Amino acid sequence: MYVDKTDMMYNLANKYRYVFLARPRRFGKSLLCNTFKAYFKGQKELFEACPEPEFMVSSSNQRGLKVMELEKEWKTYPVLHFIMSGLKNCSIEEAKGKLGLLISKYEKDYGRNEAENTPGARFSGLIHRAYEQTGEKVVVILDEYDSPIMRLMYEKEQLEQMRTMLREFYQVLKDDGAYLRFVFITGVTKFSQLSIFSELNNLRQISMDDEYSGICGITQEELDTVLRPCIEEYAENLEITTDDAYALLKKNYDGYHFSPKSKDVYAPFSLLRALDGKNTYHYWFESGTSSSLLEHLRRFPITRALDYDGVAVSENEFSIPCENAETPMPLLYQSGYLTIASYDRLLQRYELKIPNNEVRKGLIDCLMPIILKRPVADNNSVVVAIAKAIFDGNLSDALTALRSYIAKIPYDIITKEEWEDKEKRESFYKLLIYMVFSLLNSIVDTEVKSILGRADVVIKTDTDIFVLELKVDDSVENALAQIDSKGYAIPYETDGRTVTKCGVCISSEQRNITHWRSVDIDGNVIDEQKFQ
């Protein structure tokens with residue numbers, strides 16, 4: 001199957017001269033770069049109809065890709081394609097050497113002037129010679145431009161040295177603009193003080209354009225049309241209905257929005273791996289978690305990292321350069337851990353959220369060892385125990401498993417001073433419960449409290465709905481009273497499933513759950529446990 005986006009590629013290539021696209025990792029940026037490269041090299045045969053059409057089906061059900069109806073000339077341009085990810089985790093000298101090797105690959109075709117002894121000088125000379133020898137302006141593709149500087153975000157001296165080297169290289173794109181036909185740049189994040197942003201006045205940033213919101217990733221429309229046969233096969237293998245398969249994939253891999261009126265976008269790496277393997281795993285995080293993200297999060301109060309799930313911000317707040325940010329939010333957004341949930345055009349404010357279950361679980365898997373000093377295997381073990389009890393309709397066993405888990409958390413993860421601060425004690429336990437029940441969401445349909453306001457935890461199975469309210473150094477009576485006064489259970493009264501309300505109390509002195517009481521929808525006590 002082939003999801004055809006070549007009409008958007010053609011539009012960009014013939015409408016603008018400098019284009020920048022930011023997307024999270026594993027979102028298909030490199031594939032898009034390769035598509036631009038093939039197009040500008042005039043490789044028409046790659047876009048024509050496949051001899052066996054069943055292997056290539058465009059979304060319009062036409063043989064051949066959309067660009068075949070748009071492009072008439074198929075001119076060949078010299079293309080310089082630089083994949084900058086090879087320069088990450090390198091010293092300045094190593095990065096300069098690797099960049100030199102990337103340049104030398106094209107110098108074999110267009111020659112080199114030995115007097116050019118810096119990456120920028122060699123790059124400029126390469127562009128001039130390619131233009132002179134072919135008679136055509138040059139196409140430059142820079143993939144993952146920010147890779148060399150991601151890990152240096154907090155190494156000020158090395159960061160500035162790397163910037164200086166890259167600035168001299170990127171400056172060529174402005175100075176030699178007369179020789180350039182098209183420049184396409186991709187990355188994950190936005191960094192300041194690089195000439196690529198500060199001096200390219202005609203750089204078209206399409207990262208938040210509605211028109212190009214679906215240029216990378218799989219849109220809902222593409223999933224419903226081109227990939228529907230794959231969904232049906234996936235559903236058959238899992239022995240579920242096609243509708244249930246769509247719902248399962250949406251819960252785990254959908255939810256990305258990159259502009260105010262963005263198309264609904266699925267993470268392509270995870271979605272396609274799931275369809276190929278006929279299963280539902282968390283592939284995005286298995287493929288590698290950004291060490292720079294973890295280093296970034298360590299520099300902020302960890303509790304706030306999850307507070308941004310549902311936060312409202314103005315555009316400039318979440319698109320500012322990451323190294324200048326006073327919160328982790330810009331990097332969380334730019335790296336794909338947060339996405340646009342909605343846009344208020346009148347107030348010009350965006351609401352951001354964690355896009356899907358895969359990202360939520362992966363983010364919490366990363367944070368739990370940092371916050372709770374417990375291995376991921378322990379986290380998974382308690383989640384399985386809680387989930388088993390929930391599926392059996394036994395909330396008491398689920399809370400017992402949670403209580404056992406809390407008891408094993410080291411005391412020194414929160415300082416004495418923090419412990420004496422009531423607000424910080426409460427924040428810690430709220431965060432703990434949030435993280436555990438968010439992990440549970442990988443198995444059971446779970447909602448956790450957000451700034452929009454609802455019960456602390458709502459857990460749903462095919463037969464039960466559990467509405468939980470948590471209190472620190474308070475009473476179960478007050479917890480249950482809040483469920484009733486705020487109407488947390490009302491949306492589920494006509495659902496048809498059994499609704500259980502539960503007040504859970506945590507004692508900061510005992511550092512654990514000490515009391516819970518479960519009642520039915522009418523307030524009759526179902527279960528109560530109290531620990532001394």
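Keep in mind the model is a prediction, meaning the values are calculated, not measured. Positions are given from 1, in the same order as the sequence printed here.
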Qualifying residues under side chain to side chain contact (heavy atoms under 4.5 Å, CB included), relative to Asn356, sequence neighbours excluded: Tyr256, Glu358, Val359
Looking at Thr6 and Val67, what are the two nearest heavy atoms and their distance? OG1-N, 3.1 Å
Determine whether Ile340 and Met208 make a side-chain contact, defined as any pair of heavy atoms from C-beta on separated by less than 4.5 Å. yes
Does atom CG of Asp462 have more than 12 heavy-atom neighbours, drawn from other residues, nucleotides or ligands, at distances under 6.0 Å? no
Looking at Gly255 and Asp264, what are the two nearest heavy atoms and their distance? N-OD1, 4.1 Å
Contacts of Ile521 that satisfy side chain to side chain contact (heavy atoms under 4.5 Å, CB included) - sequence neighbours left out: Ala489, Glu493, Val499
Mind checking side-chain hydrogen bond (donor to acceptor under 3.5 Å, both in side chains) for Thr242 and listing every partner two or more places apart, or none if nothing turns up? none
Would you say the side-chain atoms of Asp143 and Thr186 include a donor-acceptor pair closer than 3.5 Å? yes
For Pro355 and Thr339, which heavy atoms make the closest approach, and how far apart are they? CB-CG2, 3.6 Å
Heavy-atom side-chain proximity of Pro260 to Tyr350 below 4.5 angstrom: yes
Under the salt bridge (Lys or Arg N to Asp or Glu O under 4.0 Å) test, residues paired with Lys388 that sit two or more places apart: Asp392
Apply the test side-chain contact (heavy atoms from CB on, under 4.5 Å) to residues Val504 and Val457: give CA-CA distance (whole Å), side-chain angles for both, the deciding distance (0.1 Å), then the verdict. CA-CA 11 Å; Val504 180; Val457 179; over 6 Å; no
Under the rule for salt bridge (Lys or Arg N to Asp or Glu O under 4.0 Å), what residues qualify as partners of Asp464, not counting sequence neighbours? none
All salt bridge (Lys or Arg N to Asp or Glu O under 4.0 Å) counterparts of Arg349, not counting sequence neighbours: none
Just jot down the side-chain hydrogen bond (donor to acceptor under 3.5 Å, both in side chains) partners of Thr500, sequence neighbours excluded, or say none. none
In short, ring pair (Phe, Tyr, Trp, His ring centres under 6.0 Å) pairs touching residues 64-87 with sequence neighbours left out are Tyr39-Trp74, Phe40-Tyr77, Phe47-Trp74, Phe82-Tyr106, Phe82-Phe123, Phe82-Phe169
Set of side-chain hydrogen bond (donor to acceptor under 3.5 Å, both in side chains) partners for Arg23, sequence neighbours left out: none
For Glu71, what residues pass the salt bridge (Lys or Arg N to Asp or Glu O under 4.0 Å) criterion, not counting sequence neighbours? none
Going by the rule side-chain hydrogen bond (donor to acceptor under 3.5 Å, both in side chains), which residues pair with Thr498 if we only count those two or more places apart in sequence or in a different chain? none
Residues that Lys41 engages under side chain to side chain contact (heavy atoms under 4.5 Å, CB included), provided they are two or more places apart: Lys37, Gln43, Val79
